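Atoms considered below: every heavy atom in the structure, side chains included; atoms not considered: hydrogens, waters and symmetry mates. What you are looking at is a predicted structure, and each value in this text was computed from that prediction instead of being measured.
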Amino acid sequence: MFWKFDLHTTSHIDQLLDREDVTLKELMEEDDVLQECKAQNRRLLLFLSQDHCMQELVSLITTEPPADLEERSRFKFPNVACELLTSDVSLINDKLGGDESLLEMLYHFLEQDPPLNPLLASFFSKTIGNLIARKTEQLITFLKKKEGFIGLVLKHIDASAMMDLLLRLISCVEPASLRQEVLQWLNEEKLVQRLTELIHSGKDEERQSNASQTLCDIIRLSRDQANQMQENVESDPLLAVIEMQETVAGLLKNMFEGERSETSIVNGTQVLLTLLETRRSGLEGLMDLYSQGYERSYTVSSSILNAIESHLKDFQQVLLDPPKKSAILTTVGVLEQPLGNARLHVVRLVAALLQTTSPTICQELCNLTTMDLLLDLFFKYSWNNFLHFQVELCVSAVLNHPSSEELSAETSSASDPQTSVHNALVAHLFQKCRLVQRILDAWEENDKIQANGGTRRGNMGHLTRIANMVVQNLEKGPVQTQIADLIKELPEDCRGRWESFVDETLRETNRRNTVELVRHLSSGTDQPGAKLLQSCSLRTFADYQIQQMTANFVDQFGFNDEEFSEHDENIKSVFRFFHFFQNESFFCDCLFSFPQANAAAFEACCKERIRQFDDAEEEEDIWEEKEINYATQAKSRTRWIEIISDEPGNL
């Protein structure tokens with residue numbers, strides 16, 4: 001006896017389409033409508049592409065749903081409509097991009113009064129973005145005929161979806177000739193100048209933040225695409241305008257005009273930091289800084305530096321008298337006067353400016369005694385590791401300045417003004433800022449605190465690295481001779497304390513940090529977070545090895561959306577990992593010294609921890625009943641949560 005099976009099942013959507021009175025919403029109620037659409041169900045596509053259906057789909061994504069509906073189902077149909085319109089089916093794309101009445105319906109969404117519904121704004125942006133990629137010429141022609149298009153988008157820039165729409169226009173238009181035409185059109189509409197005007201204390205925070213982020217993304221996208229294209233391709237007009245001295249000066253004027261606002265200072269400084277970027281950001285750029293010196297990917301325009309130089313006094317004033325902030329409660333007590341985001345960004349800007357090695361910038365910073373002020377903040381806010389790291393970068397930039405031979409093969413060291421200014425900055429660091437004396441005093445004070453049962457200060461890890469930096473440059477470096485002379489000029493008692501500190505205290509600290517790190521990573525501790533710490537440590541060193549293989553390895557291969565969603569938890573773990581290191585000063589002593597003196601010890605530890613998978617290894621029975629000690633687990637978990645949840649950037 002044989003059983004017969006009919007494996008060719010008929011979709012319920014086809015059954016609905018057999019009815020003459022079927023409605024669009026009835027089809028949208030079906031769970032597999034999107035799947036059938038992408039599978040090119042011919043009957044479904046012909047139904048959806050009818051004029052009245054397309055108009056209803058566009059209306060769903062641009063019209064606010066009735067407020068009396070349940071919140072859970074209120075945006076169900078708009079969401080499905082957006083997915084159908086952006087399903088990348090040629091029949092729907094052709095209908096939407098070729099029918100000007102449908103484009104007018106979409107455009108009318110921008111003519112509403114702000115604020116836009118953020119969810120509908122995202123549906124609108126996604127639909128327009130799909131048309132930019134698939135029906136480029138038709139959409140660009142339509143938009144260029146609308147004189148107020150850019151103004152309407154900027155009116156709603158407080159919605160992040162509008163920022164995404166602008167970036168799609170800049171980066172997703174093909175071919176290159178049409179993209180250049182779009183960039184020229186956006187430049188004629190004065191997009192850059194209008195975005196810059198939004199970064200002002202008189203504007204609300206969301207508009208300022210999104211305008212700043214848009215400018216930063218334009219800079220990065222334009223530079224990346226310029227590197228990928230041939231040399232004979234026309235330059236990006238938007239990038240050229242952003243880098244003009246007049247534009248940067250206008251941005252700085254807006255930042256400091258009227259009542260000083262932390263929001264405008266932070267957002268404006270973010271744009272300046274992006275203009276000063278000389279390498280890719282992230283872990284790769286961070287490892288570059290410690291292992292490969294100051295080799296540049298981009299050249300900072302002198303017009304940018306000239307505009308910033310005239311406002312260095314304003315940034316100095318922010319460090320001295322920041323925007324007022326109320327006291328905050330931290331894990332180490334009440335902080336009456338927090339550092340604040342504005343001052344932290346100014347310190348980041350100073351670090352970036354020092355890395356440009358501009359003689360005029362260095363001279364002005366020296367005249368303003370900015371380094372002395374940064375060291376004051378370093379020791380005052382002893383638990384803000386974000387600040388400590390930036391001050392360390394500033395010291396590193398001064399001590400690791402390229403030698404005169406690297407700066408100019410034709411200019412002698414004696415006559416080179418850049419070298420002369422830098423030598424003055426090095427002398428300023430050791431004489432006016434009293435770097436050596438401050439290191440010794442802070443170390444001795446911390447020893448007294450610990451001797452009385454107190455907690456080791458949070459900046460000691462970075463202070464250790466700064467001390468090591470001085471020693472390394474004293475032994476070998478571009479300013480080795482000058483540092484040696486400056487050390488000799490110290491008072492005799494101070495010089496003796498320094499030599500004893502280097503030979504005994506610092507040497508023992510470095511030895512202990514190396515040994516304890518290796519022992520911690522190789523131990524089989526069951527403390528909460530130990531596995532996270534070990535895996536992230538190994539991953540950090542692995543990332544460093546990968547970036548040594550090729551600097552643009554990730555750029556060449558890229559990621560897809562699935563990889564980002566699958567590894568979202570891993571990404572969060574990495575951020576928790578860095579929060580842990582920034583709050584535990586012991587690890588600050590040695591984390592980024594892996595590529596240098598401690599690389600061999602760390603590599604040995606990695607090799608010890610990595611072993612082949614053994615099928616014969618006895619696995620733990622997850623169903624086996626075990627005694628659980630809740631008190632011990634709760635105590636350990638509380639300590640781990642306290643470590644990873646502390647936010648030093650707010651201190």
Does [X] use its side chain to pair, donor to acceptor, with the backbone of [Y] at less than 3.5 Å?
X: R438; Y: C433; result: yes
X: T247; Y: E243; result: no
X: H311; Y: A307; result: no
X: Q208; Y: K203; result: yes
X: N446; Y: R457; result: yes
X: T269; Y: I265; result: yes
X: H200; Y: S264; result: no
X: E309; Y: I361; result: no
X: R507; Y: D503; result: yes
X: N452; Y: G454; result: no

Going by distance alone, is a donor N or O of one side chain under 3.5 Å from an acceptor N or O of the other, for [X] and [Y]?
X: H462; Y: N459; result: no
X: Q316; Y: T370; result: yes
X: N400; Y: S396; result: yes

Would you indicate whether the side-chain heavy atoms of [Y] and [X] approach each other to under 4.5 Å?
X: F378; Y: I466; result: yes
X: V479; Y: H422; result: yes
X: L275; Y: V300; result: no
X: F379; Y: E445; result: no
X: D314; Y: L252; result: no
X: L368; Y: F315; result: no
X: Q482; Y: L486; result: yes
X: L399; Y: I483; result: yes

Inset, instruction - Begin from the C-alpha positions of V470 and W498 and carry the test side chain to side chain contact (heavy atoms under 4.5 Å, CB included) through to its verdict. - result: CA-CA 11 Å; V470 174; W498 172 254; 3.8 Å; yes
Legend entry - Verdict with reasoning, V318 to F256, per side chain to side chain contact (heavy atoms under 4.5 Å, CB included): CA-CA 10 Å; V318 172; F256 296 108; 3.9 Å; yes
Could you report the tightest heavy-atom contact between [X] and [Y], atom names first, then the distance?
X: R456; Y: T464; value: NH2-OG1, 4.2 Å
X: Q270; Y: S212; value: OE1-OG, 3.5 Å
X: V350; Y: C394; value: CG1-SG, 4.1 Å
X: A352; Y: L276; value: CB-CD1, 4.0 Å
X: Q437; Y: C494; value: CG-SG, 3.5 Å
X: L319; Y: P322; value: O-CD, 4.2 Å

Legend entry - Partners meeting side chain to side chain donor-acceptor pair (under 3.5 Å) with D441 (sequence neighbours left out):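 In terms of side chain to side chain donor-acceptor pair (under 3.5 Å), with neighbours along the sequence ignored, D441 is linked to R497.
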Nearest 0.5 Å, what's the [atom1]-[atom2] distance between [X] and [Y]?
X: L339; Y: L387; atom1: CG; atom2: CG; answer: 5.5 Å
X: I328; Y: E336; atom1: CD1; atom2: CD; answer: 10.5 Å
X: I308; Y: L312; atom1: CD1; atom2: CG; answer: 7.5 Å
X: E499; Y: L490; atom1: CD; atom2: CG; answer: 9.5 Å
X: M371; Y: D376; atom1: CE; atom2: CG; answer: 11.0 Å
X: Q363; Y: T360; atom1: CD; atom2: OG1; answer: 9.0 Å

Inset, instruction - State whether the number of non-hydrogen atoms from other residues, nucleotides or ligands found under 6.0 Å of Q450 atom CD is greater than 12. - result: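 It does: Q450 CD has more than 12 such atoms within range.
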Inset, instruction - Check the angle between the aromatic planes of F501 and W443 and answer parallel, tilted or perpendicular using the 30° and 60° thresholds. - result: perpendicular
Inset, instruction - Could you give me the CA-CA distance, side-chain angles and deciding distance for E504 and S500, then say whether side chain to side chain contact (heavy atoms under 4.5 Å, CB included) is met? - result: CA-CA 6 Å; E504 299 173 8; S500 175; 3.6 Å; yes
Legend entry - Stepwise side chain to side chain contact (heavy atoms under 4.5 Å, CB included) test for L273 and L349: CA-CA 6 Å; L273 288 170; L349 180 65; 4.3 Å; yes
Legend entry - Qualifying salt bridge (charged side-chain N to carboxylate O under 4.0 Å, His left out) pairs with a residue from residues 252-266, counting only residues at least two apart or across chains: R260-D321, E262-K325
Inset, instruction - Would you mind telling me which of L251, T196, I219 makes a side chain to side chain contact (heavy atoms under 4.5 Å, CB included) with I242? - result: I219
Legend entry - Charged N-O contact under 4.0 Å between R511 and E508: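 Looking at R511 and E508, the cut-off is met.
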